[in-house]
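Keep in mind the model is a prediction, meaning the values are calculated, not measured. Computed over heavy atoms, backbone and side chain alike; hydrogens, waters and symmetry mates excluded.
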Amino acid sequence: QVQLVESGGGLVQAGGSLRLSCAASGLTFSNYAMGWFRQAPGQEREFVAVIRRRDGNTYYTDSVKGRFTISRDNAKNTVYVQMNSLKPEDTAVYYCAASSFYGSPSRKSEYQYWGQGTQVTVSS
């Protein structure tokens with residue numbers, strides 16, 4: 001079966017950096033757009049970034065543009081998000097997800113598979 005396993009979360013001070021990884025198995029990784037979402041306590045799960053399935057183009061929510069970078073390694077079936085200049089408002093559980101949609105899916109309903117999440121906490 002399909003598994004997405006996130007890693008790399010933790011506690012960091014404001015202004016610091018983290019890199020999250022998501023290792024995928026059980027699917028043809030290159031056929032999927034890969035996205036990152038996050039969910040803060042009491043909040044809805046929100047879109048963060050996506051990297052497209054064919055051309056590798058990327059798309060970000062406005063609040064992380066210029067600070068986060070999503071990338072993928074199809075040989076390793078892994079997607080990453082490099083998070084720099086972290087802010088306390090970035091604190092959330094971060095989820096990776098896989099979508100068979102073309103383009104740059106940004107809605108939860110467009111993703112078929114989800115990881116279990118990894119906690120990111122940014123202290124002020």
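Cluster partners of Phe47 are Phe37, Val50, Tyr59, Val93, Tyr95, Tyr111, Trp114, counting Ile, Leu, Val, Met, Phe, Trp and Tyr whose side-chain heavy atoms approach within less than 4.5 Å, directly or via other members.
Contact annotation: the side chain of Val48 never approaches that of Tyr60 to less than 4.5 Å [non-hydrogen atoms, C-beta and beyond]. Residues Leu27 and Tyr32 are in side-chain contact: their nearest non-hydrogen atoms beyond the backbone lie under 4.5 Å apart. Residues Tyr102 and Arg52 fail the side-chain proximity criterion, which asks for heavy atoms closer than 4.5 Å.
Shortest non-hydrogen contact noted between Ile70 and Ile51 is CD1-N, 3.7 Å. Closest of all the heavy-atom pairs between Val79 and Cys96 is CG1-CB, 4.5 Å. Residues Tyr80 and Ser21 come closest through the heavy atom pair CD2-OG, 3.3 Å. Closest approach of Gly9 to Val120, counting heavy atoms only: CA-CG2, 4.2 Å. Minimum heavy-atom separation, Gln39 to Arg45: OE1-NE, 3.3 Å. The two residues Val12 and Gly16 make their nearest non-hydrogen contact at CG2-CA, 3.8 Å.
Residues forming a salt bridge (charged side-chain N to carboxylate O under 4.0 Å, His left out) with Glu46 (at least two apart in sequence, or on another chain): Arg38. Arg107 pairs by the salt bridge (charged side-chain N to carboxylate O under 4.0 Å, His left out) definition with Glu110, not counting sequence neighbours. Considering only residues two or more places apart in sequence or on other chains, Gln3 meets the side-chain hydrogen bond (donor to acceptor under 3.5 Å, both in side chains) condition with none of them. Under the rule for a salt bridge (charged side-chain N to carboxylate O under 4.0 Å, His left out), the partners of Arg67 that lie at least two apart in sequence or sit in another chain are Asp90.
Rounded to the nearest 0.5 Å, atoms CG (Leu86) and OG (Ser17) are 6.0 Å apart. Taken from CG in Asn74 to CE in Met34, the straight-line distance is 10.0 Å, to the nearest 0.5 Å. Taking CD of Gln112 as the start and OG of Ser100 as the end, the distance is 3.5 Å to the nearest 0.5 Å. Interatomic distance, CG of Leu18 versus OH of Tyr94, reported as 9.0 Å (0.5 Å rounding). Going from atom OG of Ser30 over to atom CZ of Arg72 covers 7.0 Å, rounded to the nearest 0.5 Å. Going from atom CZ of Arg53 over to atom OG of Ser99 covers 8.0 Å, rounded to the nearest 0.5 Å.
Side-chain contact, Asp73 with Thr78: no donor N or O sits under 3.5 Å from an acceptor N or O.
For residues 115-124, the side chain to side chain donor-acceptor pair (under 3.5 Å) pairs, not counting sequence neighbours, are Glu6-Gln116, Gln119-Thr121.
The backbone N or O of Asn31 sits nowhere less than 3.5 Å from a side-chain atom of Arg54 that would complete a donor-acceptor pair.
No path of Ile, Leu, Val, Met, Phe, Trp and Tyr side chains, each step under 4.5 Å between heavy atoms, connects Phe101 with Phe29, placing them in separate hydrophobic clusters.
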